[in-house]
A.B. asks: 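Just passing along the structure, written as structure tokens.
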Amino acid sequence: MNDSTNKETVPVNGTAAGSATNPGTNPVEGPSDFIRDNVRSDLAAGRYDRVLTRFPPEPNGWLHIGHAKAFAIDFGVAEDFGGQCNLRFDDTNPEKEDQAYVDAIKRDIAWLGYDWADREFYASDYYEYLYDLAVKLIKKGKAYVDDLSDEEMREYRGTAVPDKYNITLTPPGRNSPWRDRPVDENLDLFARMRAGEFADGAKTLRAKIDMAHPNLVMRDPVMYRLRRMPHYRTGDAWCIYPMYDFQHPLSDAKEGITHSLCSLEYEIHRPLYDWFIQECEVFPSRQIEFARLNITHTVLSKRWLLRLVQEGVVSGWDDPRMPTLSGLRRRGYTPAAIRDFLSRIGLAKTDSMVDIQLLEHCLREDLNKSAHRVLAVLDPLRLIIENWPAGTVDELEAINNPEDPSAGSRKLPFSGELWIERDDFMEVPAPKYFRLYPGNSVRLRYGYIITCTGLDRDPVTGQIKAVRCTYDPETRGGNAPDNKKVKGTIHWVSAAHGIPMEARLFERLFPSERPMEVSAGTDWLATVDPQSRRSVAAFGEPSLATAAPGDCYQFERLGYFTADPDTAPGKPVFNRTVSLRDSWAKIEKKQV
RNA sequence: UCCCCGGUUGUGUAAUGGUAGCACGGCAGACUCUGGAUCUGCUCGUGGGGGUUCAAAUCCUCCCUGGGGAACCA
């Protein structure tokens with residue numbers, strides 16, 4: 001990458017609104033990417049003397065991990081240069097925005113560990129300031145009130161057909177007949193627009209730029225439209241609302257934002273961004289664009305996610321299968337794992353599709369360090385120890401976390417009837433299967449070495465009802481005195497002591513790696529895996545009875561499980577956060 | 001069609017004219033009271049053609065190819 005990212009340069013002629021923080025340092029340590037390189041050279045060239053970024057969500061939906069990439073960059077770049085990052089709600093469309101979204105957005109940003117302190121701003125607080133700048137442009141002869149309807153405007157702009165797949169040419173635009181209204185008339189009409197004298201859609205305020213510009217967004221873009229609709233913050237104080245292209249650069253300038261980082265789709269808007277700053281003669285913020293995040297097997301688009309919610313495909317924005325931050329949180333993802341992921345995916349202008357396995361890797365790596373190990377059985381099969389002294393209960397010592405000795409240990413009740421995983425027994429063992437089968441020995445985790453002696457079958461269905469075995473009393477704790485090696489160790493829960501619980505097992509919402517790429521005529525919604533959520537009745541060791549929502553455990557040999565908010569005292573509900581890596585599954589797969 | 005931006009192993013990302021590296025995945029092995037974790041090794045890449053240069057992923061040129069834009073949304 002080089003400094004030619006932004007070809008347009010704007011003169012440094014404005015003053016920052018905020019007070020300067022630390023002068024920008026020149027971090028040689030830490031991440032380097034094309035944005036930081038540009039920031040560094042801006043500082044070196046004296047274009048700015050500090051760094052101030054902003055994260056500008058529109059409060060019309062919940063944040064997903066793609067937004068997290070964006071604000072991790074906004075906050076991260078600022079921090080690396082000793083600067084700060086503002087939170088600014090980009091709320092200039094009264095039709096879609098709501099306070100509930102503001103609250104959810106703030107909660108999610110804070111959850112990931114980013115702090116905007118008292119720098120919480122709203123574009124809707126700038127309406128008066130923006131109005132004044134619009135008046136300034138009118139006075140300079142750079143803006144005019146237009147009476148064209150939206151269809152007429154599209155036609156005058158040179159847009160042949162709105163269907164983007166069927167456009168054959170882009171002729172130069174034609175000037176609106178109202179383009180050359182005198183300044184005084186424009187001033188008067190604009191004031192009357194604000195006063196509510198005209199119907200919605202009857203008039204707009206447009207920037208006077210160039211109707212023949214090769215970049216369509218430069219063909220006299222709309223600055224204000226009439227919309228009689230109460231805004232969630234300004235109520236009905238206004239009936240004209242500023243457009244993004246006008247509002248955003250000037251909001252940045254008002255806050256003294258040095259680097260306005262956004263996604264690639266705004267690249268084509270940058271000349272306009274610079275134009276408004278130049279013509280309004282305000283602080284010259286600089287827009288730099290980067291590629292948004294895409295992840296395999298999921299969709300990161302507010303519109304798509306909204307549809308999943310509205311059509312009831314998922315239980316809500318926080319469904320554990322959703323890539324929203326609230327969904328990931330409920331699923332059991334940790335802020336540390338997500339931040340690690342975001343630091344690993346890189347930052348560039350290349351459209352990319354990150355493998356979801358990288359996200360899962362980051363999660364496992366984090367959880368492996370911290371999650372307490374417990375024994376739980378998801379698909380219970382009864383195991384009867386034939387030579388166990390009837391009525392006796394043993395107490396076995398179990399390590400809480402082999403990765404963290406300070407986590408200590410706990411006692412596990414053991415008796416003559418246990419639950420084991422149905423998977424851990426095969427009447428006829430597959431090749432390379434070294435768990436329980438008739439005649440074979442395995443170790444019960446932290447318990448005894450047992451040898452399978454047979455099985456009980458339901459006389460009617462033929463289904464296996466129980467597995468029988470004998471245990472070796474000399475192997476208590478799992479160690480054989482004669483150093484006998486057993487290849488397999490399986491987990492278990494004492495039938496008399498295990499507590500019943502619900503486990504929710506999730507698969508990817510979309511079996512397809514790229515769900516957005518569906519063949520024509522297919523609704524992507526139909527490609528959702530209906531089996532992506534399953535609930536099973538499981539048994540857990542007694543310590544699980546006190547699990548509180550948000551508590552995360554590793555169920556040994558199965559995966560990481562996080563208690564859901566649906567958990568009630570004594571009735572835990574667990575979400576499978578992510579499974580453990582399963583090399584047996586690979587072997588099994590290859591055998592098929 | 002026009003305008004803008006991209007193209008480095010399967011995926012993502014480094015190398016800023018000088019040995020194409022790292023991570024995830026995959027494959028193979030070691031170790032193990034989780035077929036977990038950990039450790040080791042391996043495979044695989046500069047979209048294509050020309051040019052400049054002692055030397056090109058990097059600079060020039062043509063081509064191919066992917067994405068974005070043409071809202072009174074952001």
Side-chain angles (χ1 to χ4, degrees), chain A residues 1-2 5 32-33 37 56-58 60 90-93 95-96 146 148-150 153-154 157-162 164 167-173 200-206 213-219 221-227 240-241 243-245 247-248 262-271 289 291 296 302 344-355 357-362 364-365 368-369 373 375 399 402-403 432-435 443-447 449 477-479 486-491 513 554-559 579-587:
Chain A
M1 288 302 161
N2 54 47
T5 306
S32 175
D33 51 65
D37 290 347
E58 185 189 10
N60 68 344
D90 215 342
D91 53 355
T92 53
N93 182 0
E95 294 178 56
K96 297 179 179 173
D146 196 358
L148 251 32
S149 72
D150 51 353
M153 193 181 295
R154 194 155 36 229
R157 186 173 275 137
T159 310
V161 192
K164 70 184 215 175
I167 287 175
T168 49
L169 79 163
T170 306
D200 285 6
K203 291 188 181 346
T204 57
L205 183 72
R206 290 231 258 167
H213 198 109
N215 181 346
L216 283 301
V217 308
M218 295 296 275
R219 316 245 267 221
V222 172
M223 293 164 56
Y224 273 92
R225 79 276 200 185
L226 281 157
R227 183 91 353 149
I240 55 171
Y241 289 94
M243 301 292 291
Y244 171 86
D245 281 319
Q247 166 272 118
H248 202 90
C262 61
S263 52
L264 249 28
E265 59 201 289
Y266 294 103
E267 202 162 25
I268 200 162
H269 295 250
R270 195 195 321 130
E289 314 82 15
T296 56
K302 262 193 232 176
R344 293 197 202 204
I345 56 174
L347 175 53
K349 296 186 71 166
T350 319
D351 287 303
S352 61
M353 178 68 70
V354 177
D355 193 334
Q357 291 184 98
L358 178 59
L359 215 208
E360 294 173 344
H361 167 82
C362 294
R364 289 191 184 103
E365 194 168 77
N368 179 48
K369 288 182 295 189
R373 272 62 169 172
L375 302 188
I399 293 165
E403 305 291 321
K432 293 187 185 173
Y433 183 85
F434 49 77
R435 278 119 80 169
R443 176 170 31 239
L444 294 170
R445 179 70 158 158
Y446 297 121
I449 292 174
N479 297 308
V486 281
K487 196 124 168 76
T489 298
I490 65 173
H491 60 276
E513 203 168 79
Q554 184 197 101
F555 292 0
E556 290 209 31
R557 302 207 306 132
L558 296 173
S579 63
L580 253 22
R581 286 182 63 214
D582 185 354
S583 48
W584 166 246
K586 284 182 193 169
I587 296 169

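These numbers come from a predicted model, not from an experiment. Throughout, a chain's letter reflects where its sequence line sits, starting with A, and its residues are numbered from 1.
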A.B. asks: Taking only the C1' atom of each, what is the distance from B:rU19 to B:rG7 in whole angstrom?
C.D. replies: 24 Å

A.B. asks: Suppose you measure atom P in B:rA57 against the same atom in B:rG17; what distance do you get, rounded to whole Å?
C.D. replies: 13 Å

A.B. asks: Would you mind telling me which of B:rC4, B:rG12, B:rG36 lies closest to the side-chain atoms of A:E267?
C.D. replies: B:rC4

A.B. asks: In the structure shown, which nucleotide is the Watson-Crick or G-U wobble counterpart of B:rU58, with both distances under 3.5 Å?
C.D. replies: none

A.B. asks: Which is more 5' along RNA chain B, the nucleotide nearest A:L444 or the one nearest A:D91? Just name the residue.
C.D. replies: A:L444

A.B. asks: By nearest atom, which of the nucleotides B:rC73, B:rG12, B:rC72 is closest to the A:D150 side chain?
C.D. replies: B:rC72

A.B. asks: When the P atoms of B:rA55 and B:rA14 are compared, how many Å lie between them, rounded to an integer?
C.D. replies: 28 Å

A.B. asks: Would you indicate whether A:L264, at its atom CG, is surrounded by more than 12 heavy atoms from other residues, nucleotides or ligands within a distance under 6.0 Å?
C.D. replies: yes

A.B. asks: If you only use heavy atoms from C-beta on, which nucleotide in B:rG69, B:rU34, B:rA74 is closest to the side chain of A:T489?
C.D. replies: B:rU34

A.B. asks: Starting the side chain at C-beta, find the nucleotide from B:rG67, B:rG12, B:rC72 nearest to A:V222.
C.D. replies: B:rC72

A.B. asks: Anything under 3.5 Å between a protein N or O and an N or O of nucleotides 19-25 of chain B, put it in a table, one pair a line.
C.D. replies:
residue, atom, partner, partner atom, Å
B:rA23, O2', A:R344, NH1, 3.2

A.B. asks: Of all the choices, B:rG35, B:rU16, B:rA74, which nucleotide is nearest to the side chain of A:T92 once you look at every atom?
C.D. replies: B:rA74

A.B. asks: Pick the P atom in B:rU11 and in B:rU53, then give their distance to the nearest Å.
C.D. replies: 36 Å

A.B. asks: Consider the side chain of A:V354, meaning its heavy atoms from C-beta on, and name the nucleotide among B:rA74, B:rG12, B:rG35 that approaches it most closely.
C.D. replies: B:rG12

A.B. asks: If I take atom CZ in residue A:R225 and atom P in nucleotide B:rA71, what distance separates them, rounded to the nearest angstrom?
C.D. replies: 15 Å

A.B. asks: What's the OH-P distance between A:Y266 and B:rA71, to the nearest Å?
C.D. replies: 15 Å

A.B. asks: Of all the nucleotides listed (B:rC72, B:rU34, B:rU8), which has the minimum atom distance to the side chain of A:R445?
C.D. replies: B:rU34

A.B. asks: Tell me: CZ of A:R270 to C1' of B:rC5, nearest whole Å?
C.D. replies: 9 Å

A.B. asks: Should A:R557 be listed as having a side-chain N or O under 4.0 Å from OP1 or OP2 of B:rG35?
C.D. replies: yes

A.B. asks: Tell me the interatomic distance from A:L216, atom CG, to B:rC73, atom P, rounded to whole angstroms.
C.D. replies: 17 Å

A.B. asks: Side chain of A:F434, heavy atoms from C-beta onward: which of B:rC72, B:rU13, B:rG35 has the nearest atom to it?
C.D. replies: B:rG35

A.B. asks: Do the non-hydrogen side-chain atoms of A:K302 and A:E58 ever get within less than 4.5 Å of each other?
C.D. replies: yes

A.B. asks: May I have the distance from A:I490 (atom CD1) to B:rG36 (atom C1'), rounded to whole angstrom?
C.D. replies: 16 Å

A.B. asks: Nearest to the side chain of A:E58 - B:rU34, B:rC73, B:rG12?
C.D. replies: B:rC73

A.B. asks: When the P atoms of B:rC72 and B:rA15 are considered, how many whole Å apart are they?
C.D. replies: 41 Å

A.B. asks: Atom CD of A:E403 and atom C1' of B:rU38: how far apart are they, to the nearest Å?
C.D. replies: 8 Å

A.B. asks: Distance check, P atoms only: B:rC42 and B:rA56, in whole angstrom units.
C.D. replies: 28 Å

A.B. asks: For the side chain of A:T350, counting heavy atoms from C-beta on, which of B:rG36, B:rC3, B:rG6 is nearest?
C.D. replies: B:rG6

A.B. asks: Which whole number of Å gives the distance between the C1' atom of B:rU40 and that of B:rC54?
C.D. replies: 40 Å

A.B. asks: Could you tell me the separation between the CG atom of A:L580 and the C1' atom of B:rG35, rounded to a whole number of Å?
C.D. replies: 10 Å

A.B. asks: What interatomic distance, in whole Å, is found between P of B:rG48 and the corresponding atom of B:rU32?
C.D. replies: 47 Å

A.B. asks: State, with a plain yes or no, whether a side-chain heavy atom of A:H248 is found less than 4.5 Å away from one of A:H269.
C.D. replies: no

A.B. asks: Tell me, do A:Y241 and A:E95 make a side-chain contact under 4.5 Å, heavy atoms counted?
C.D. replies: no

A.B. asks: Please round to the nearest 0.5 Å and tell me the distance separating atom CD1 of A:I449 and atom CG of A:N479.
C.D. replies: 8.0 Å

A.B. asks: Has the side chain of A:R225 got a donor or acceptor atom that lies under 3.5 Å from a matching backbone atom of A:T204?
C.D. replies: no

